[in-house]
Number of protein chains: 2
Amino acid sequence: MSATMGLVPIGVVRSPLNDPAEAPRQGREAGIEAEIEVFPQFAEALQGIGARERLLVVCWLHRSRRDLLQVPAKDGAGPPRGVFSTRSPNRPNPLAVYPVELLSVCGTRLRVRGIDAVDGTPVLDLKPRVPRLDD
Amino acid sequence: MSATMGLVPIGVVRSPLNDPAEAPRQGREAGIEAEIEVFPQFAEALQGIGARERLLVVCWLHRSRRDLLQVPAKDGAGPPRGVFSTRSPNRPNPLAVYPVELLSVCGTRLRVRGIDAVDGTPVLDLKPRVPRLDD
């Protein structure tokens, strides 16, 4: 029942976004559509997902910096802020949690709205979003 | 700007819960209080967190199984369900995302309500919960 802390990518984001600089601050606001390509060896784990309208998608922001503990204040004024009090992509473990709308499922490809990760971003987990737990 | 996918624990859950079997199905419903002990080398990253009332806490469920892709249906009837369509702790990357209420901060110890991870569970990330992004 023990588990090492090594991550295994279960899929990858396919998106029109290629550069973090062109990404909107948050995909949800921009309504960006993207695909999540789940790797075939995890296909079984998708059973039943089509009935879910909203998911949480956990990604590994592979282009982020992991060595920053603080970032400048948003407005450039005031003291720097600790990354744990911000949603900066730069943090010791660059994990992102996106609530997305599931638009369609075709085999192991999920079309979703609300993710601003760049093309090629590793996906680590998918969970149904449950208002009782997540709101 | 590249990053390996090795996780580094940034802290640990201190909880009265010792056994997953005694944990309620979800901590939030039970209103369980626990502490998050952030390791001293990440103290700087906490700057400003006291002003946040709600956080997302990302944990690594170290007692979970990573080799299960499906779990039995809840009621014991019906076909098994893919873990990505459930909130089972057993999944390829046993990540948990808890929305918690931040009750108090004392140095690098955060008292929170709403987490049912057992004592000793590694903590990977803390993020402010932002209704605009997370609701």
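Just so we're on the same page: letters track the sequence lines, and every chain starts at 1. No hydrogens, no waters, no symmetry mates; every other heavy atom, side chains included, goes into these values.
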message = Under the criterion side chain to side chain contact (heavy atoms under 4.5 Å, CB included), I'd like the reasoning laid out for B/Phe42 against A/Val83: C-alpha separation, chi angles, the key distance, then a yes or no.
response = CA-CA 10 Å; B/Phe42 298 103; A/Val83 290; over 6 Å; no
request  = Mark yes or no for whether B/Gln70, through its side chain, and A/Glu44, through its backbone, hold a donor-acceptor pair below 3.5 Å.
outcome  = yes
remark   = Note: vs chain B, highest number of non-hydrogen pairs under 4.5 angstrom among A/Asp67, A/Val71, A/Val38, A/Ile10 is A/Ile10
inquiry  = For chain A, which candidate among B/Gly48, B/Gly82, B/Ala45, B/Ser85 shows the most heavy-atom pairs at distances under 4.5 Å?
reply    = B/Ala45
message = Let's test your reading of the structure: which of B/Leu55, B/Leu68, B/Ile49, B/Val58 forms the most heavy-atom pairs below 4.5 Å with chain A?
response = B/Ile49
CG on A/Leu7 to CZ on B/Arg66, rounded to 0.5 Å = 7.0 Å
key: Nearest-0.5 Å distance that lies between atom CD in A/Gln41 and atom CG in B/Leu69   = 9.5 Å
inquiry  = Under the criterion side chain to side chain contact (heavy atoms under 4.5 Å, CB included), I'd like the reasoning laid out for A/Phe84 against B/Val57: C-alpha separation, chi angles, the key distance, then a yes or no.
reply    = CA-CA 10 Å; A/Phe84 295 153; B/Val57 179; over 6 Å; no
key: Contact origin within B/Val8 toward chain A - heavy atom pairs under 4.5 Å   = both
query = At a heavy-atom separation under 4.5 Å, does B/Leu56 approach chain A through its side chain, its backbone, both, or neither?
reply = side chain
Contacts under 3.5 angstrom, residues 122-130 of chain B side chains, donor-acceptor by atom type, not counting sequence neighbours:
from, atom 1, to, atom 2, distance (Å)
B/Asp125, OD1, A/Arg91, NE, 3.1
B/Asp125, OD1, A/Arg91, NH2, 3.1
B/Asp125, OD2, A/Arg91, NE, 2.9
B/Asp125, OD2, B/Lys127, NZ, 2.9
B/Lys127, NZ, A/Leu95, O, 2.6
B/Arg129, NH1, B/Asp135, OD1, 3.2
B/Arg129, NH2, A/Asp134, O, 2.8
B/Arg129, NH2, B/Asp135, OD1, 2.8

ILVMFWY cluster, A/Ile115 and A/Leu103 together (side-chain gap under 4.5 Å) = no
query = Measuring heavy-atom distances to chain B, does A/Ser88 have an atom under 4.5 Å in its side chain, in its backbone, in both, or in neither?
reply = neither
key: Any residue meeting salt bridge (charged side-chain N to carboxylate O under 4.0 Å, His left out) with A/Glu33, in chain and number order, not counting sequence neighbours   = A/Arg111, A/Arg113
key: Nearest heavy atoms of B/Pro99 and A/Leu133, plus distance in Å   = CG-O, 3.0 Å
